[in-house]
Amino acid sequence: MIFGLTRSWSLAGYTLAAIIVLPLIALLVQAAVPDEEVFAHLYDTVLSTYIYNTVVLMFFVCLGSLILAVPAAWLIARCEFPARKQFQWLLLLPLAMPAYIVAYVYTDLFDYAGIVQRTLRQWFEWTSPHDYYFPEVRSLGGAAIMLALVLFPYIYLLARTAFMEQSSSLLHASRVMGCSPWRSFWRLALPMARPALAVGVALVAMETVADFATVSYFAVPTLTTAVYDTWLGYGSLTAAAKLSTIMLLVIFVMIGAERFARRKQELYQKQALLSESDRYQLSSVQRYLAVGYCSVLLFFSFILPFVILGSYAFDYFEESWNAQFIEYSINSLYIAALVSFICVVLSLFMMFIKRISPRKMDALPSRVSSTGYAIPGTVLAIGVLVPLTFLDFAINDVYDYFDQRGPGLLLTGSVFALVFAFCVRFIAISIGSIENSYKRISPSLDMAGITMGQKPWQIMWRVHLPLLRKGIFAGALLVFIESMKELPAALLLRPIGFENLATYVFQFVSDEQLEQGALSAIVIVLVGLIPLIYLNRSLEQKN
């Protein structure tokens, strides 16, 4: 017995962590297997293009997200203007909009056959594409703009929080020294917010690398599409694993380079809550500009795509409301609910072990289990396929040994693979939520329970669970939403004949028929708004 915790509990935690990290280990092992044909062919022909497009796309999406997010975050945090409190949470809404849906809507608007170019041709009497120049929407640059419009809230939220937590006395001191608001922002506020911006940029970069639907729809070959095509097109799991390893290397190098760049940077500041008097009082013109910037950003990133999507859903409601829509909605709800339940239960178990054990090494399972969120869905799907395929063959070999008919693809041919992949990827969310709630529970409560002779599971049930309700709810909700939206892993791991709302909508997008899948897309967006509303309530309580 270790401080009320048996070693078997600790062993169980390490076992769970090993299972969760198994796809990553299997991926690396599979990537080491020689593959002289498929990967060599890719290496000699298109691999350099895949890597170049991925890096360039990641750079421009991060740059675009910074350009969009930082001014909005500074205005919301440090300036006073009309509707500031409303814009504070409205600018988070684009997170609920899948990037490939935004890409389809804007392609429909700005493509050669779209309403914008048709109108221009009517106004200026142009008769062919040779009469005028219009930027190509289906391009790498177009994909970067679409992704930036959806992903900038990651940076906005972190930057806004960083700006609000900066000590007002430092900014007042800079003003006393003759710095204008612009110079105070550029020379003081922005450098102090660099750690938060770095985290936001890292999140945007990882989401960009993980994106499959947008780049696939725009026909931009990246490492993500390469993994998908290699597995489904060439049928080579080894080559797909090698490409997946390259993707992981790109992510880890990027994160490592950023941390190395600020390894000696240390910022110490006294945090203070802002009052209205601490914010810059803008002039009339500046207020109009501030409201205009936030309004335009919100309009193009969420309102316009949502309105067009809603009009599609209304016009095609009778065609969309059918047995398939109901069946796939049930599938999505079932998978998402099951994944959120499993993630919460496992997270509670691992965080309880970390909480009650005096050994620092017992915190390792929860940390190791949180690495899955950094793995793109396409890469994770390949990592899941490797061990599950091996287990499927092993199970069937055992049946063959006893002259029995095997169960076939018991694991990879069922929803088990899909649920397992989702749990590996999203358990980090529930771990983080529950860990944050655990920090608010005084250790003296644990001591009191142990003194009263309570067993570990009794302490969890009677003491911790009632105090962790909000954290559990938030974690389960976020995992549920992410499971509803996840597309790359679902495309690769779904059983034959199984569809959920995400894959259903993507089929319509691929066939240029989003109108008929708009109702399903609206459901995904509306469900995605739930955590944003919850987050907004938390922000209002803090401010």
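No hydrogens, no waters, no symmetry mates; every other heavy atom, side chains included, goes into these values.
A donor-acceptor pair is defined here as one N or O able to donate and one able to accept, closer than 3.5 Å; such a pair exists between the side chain of Lys242 and the backbone of Val33. Side-chain N or O atoms of Thr225 include none that pairs as donor or acceptor with a backbone N or O of Pro221 at under 3.5 Å. For Ser320 (side chain) and Phe317 (main-chain N/O), no donor-acceptor pair under 3.5 Å exists by modelled atom type. Side-chain atoms of Ser433 come within 3.5 Å of backbone atoms of Gly475 as a donor-acceptor pair (strictly under, hydrogens ignored). Looking at Ser311, its side chain does come within 3.5 Å of a backbone N or O of Ile308 through a donor-acceptor pair. Between the side chain of Tyr156 and the backbone N or O of Gln88 there is at least one donor-acceptor pair closer than 3.5 Å. Asn322 contributes a side-chain N or O that, together with a main-chain N or O of Gln324, makes up a donor-acceptor pair within less than 3.5 Å.
Ring-plane geometry between Phe110 and Phe134 is classed as parallel, the angle between the planes falling under 30 degrees on a 0 to 90 degree scale with a further cut at 60. Aromatic ring pairs are classed by plane angle as parallel below 30°, tilted from 30° to 60° and perpendicular above 60°; the pair Trp321 and Phe325 is tilted. Using a 30° and 60° split on the angle between ring planes, Tyr132 and Tyr112 fall in the parallel class, below 30°.
Looking only at atom types and distance, the side chain of Asn53 has no donor-acceptor partner in the side chain of Thr49 under 3.5 Å away. Side chains of Asp108 and Tyr312: a donor on one and an acceptor on the other come within 3.5 Å. Of the N and O atoms on the side chains of Thr208 and Asp211, not one donor lies less than 3.5 Å from an acceptor on the other residue.
Contact of the Leu487 side chain with the Pro98 side chain is not registered, since no non-hydrogen atoms from C-beta on lie closer than 4.5 Å. Residues Tyr104 and Leu109 fail the side-chain proximity criterion, which asks for heavy atoms closer than 4.5 Å. Here the side chains of Ile427 and Phe422 are not in contact, with every heavy-atom distance at 4.5 Å or above. Proximity of Leu47 to Leu243: side-chain heavy atoms (C-beta onward) are separated by under 4.5 Å at one or more points. The side-chain heavy atoms of Tyr106 and Asp111, taken from C-beta on, include no pair separated by under 4.5 Å. Side-chain atoms of Met247 and Tyr50, non-hydrogen and from C-beta on, never get closer than 4.5 Å to each other. In this structure the side chain of Ile429 reaches within 4.5 angstrom of the side chain of Glu482, judged on heavy atoms. Side-chain contact between Leu248 and Leu24: present, with at least one pair of heavy atoms (C-beta onward) separated by less than 4.5 Å.
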request  = Report the C-alpha distance between Leu501 and Met484 in whole Å, list the side-chain angles of each, state the deciding distance to 0.1 Å, and finish with yes or no for side chain to side chain contact (heavy atoms under 4.5 Å, CB included).
outcome  = CA-CA 8 Å; Leu501 289 179; Met484 288 280 292; 4.2 Å; yes
ask   = When you look at Val527 and Phe480, which way does the side chain to side chain contact (heavy atoms under 4.5 Å, CB included) test go after all the steps?
value = CA-CA 9 Å; Val527 172; Phe480 182 89; 4.1 Å; yes
task = Dump the intermediate steps for side chain to side chain contact (heavy atoms under 4.5 Å, CB included) on Trp231 and Val227, then the final yes or no.
result = CA-CA 6 Å; Trp231 169 236; Val227 171; 5.7 Å; no
task = Report the C-alpha distance between Leu237 and Val386 in whole Å, list the side-chain angles of each, state the deciding distance to 0.1 Å, and finish with yes or no for side chain to side chain contact (heavy atoms under 4.5 Å, CB included).
result = CA-CA 8 Å; Leu237 192 60; Val386 173; 3.8 Å; yes
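For the pairing with Leu149, the side-chain contact (heavy atoms from CB on, under 4.5 Å) check across Leu151, Ile145, Leu147 returns one residue only, Ile145. A side-chain contact (heavy atoms from CB on, under 4.5 Å) with Thr54 is found for one member of Thr222, Ile246, Val220, Val215 and no other, namely Thr222.
One finds the CG atom of Leu93 at 9.0 Å from the CE atom of Met97 (value rounded to the nearest 0.5 Å). Here Leu333 contributes atom CG and Asn500 contributes atom CG; the two are 10.0 Å apart, rounded to the nearest 0.5 Å. Put simply, CZ on Phe420 and OG1 on Thr412 are 13.0 Å apart, with the number rounded to the nearest 0.5 Å. A distance of 13.0 Å separates CE of Met58 from CG of Leu63, quoted to the nearest 0.5 Å. Taking CZ of Phe426 as the start and CG of Leu478 as the end, the distance is 11.0 Å to the nearest 0.5 Å. Distance check: Phe60 CZ to Ile67 CD1 gives 10.0 Å after rounding to the nearest 0.5 Å.
Note: Tyr217 and Tyr100 fail the aromatic proximity criterion, with ring centroids not under 6.0 Å apart.
Of all non-hydrogen atoms in Leu492 and Tyr228, the two that sit nearest each other are CD2-CD1, 3.6 Å. Here the closest non-hydrogen pair linking Val150 and Pro94 is CG1-O, 3.6 Å. Phe163 and Ala77 make their closest contact through CB-CB, 3.6 Å (heavy atoms, listed as atom of the first residue, atom of the second, distance). Across every non-hydrogen atom of Leu27 and Ser244, the tightest pair is CD1-CB, 3.8 Å. Between Ile155 and Cys62, the closest heavy-atom pair is CD1-O, 4.4 Å. Heavy atoms only, all atoms of each residue included: Ala72 and Leu297 are closest at CB-CD2, 4.2 Å.
The environment of Tyr316 atom OH is sparse: at most 12 non-hydrogen atoms of other residues, nucleotides or ligands sit within 6.0 angstrom. Annotation for Leu526: atom CG counts as buried by contact number, over 12 foreign heavy atoms lying within 6.0 Å.
Taking a cutoff of 4.0 Å between a charged side-chain nitrogen and a carboxylate oxygen, Arg138 and Glu512 qualify as a salt bridge. Salt-bridge formation is not detected for the pair Glu125/Arg121: no Lys NZ or Arg NE/NH1/NH2 atom is positioned less than 4.0 Å from an Asp or Glu carboxylate oxygen.
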For residues 374-385, dump all side-chain donor-acceptor pairs below 3.5 Å to protein atoms at least two apart in sequence or in another chain.
none

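Applying the side chain to side chain donor-acceptor pair (under 3.5 Å) criterion to Arg494, with sequence neighbours excluded, gives Glu499.
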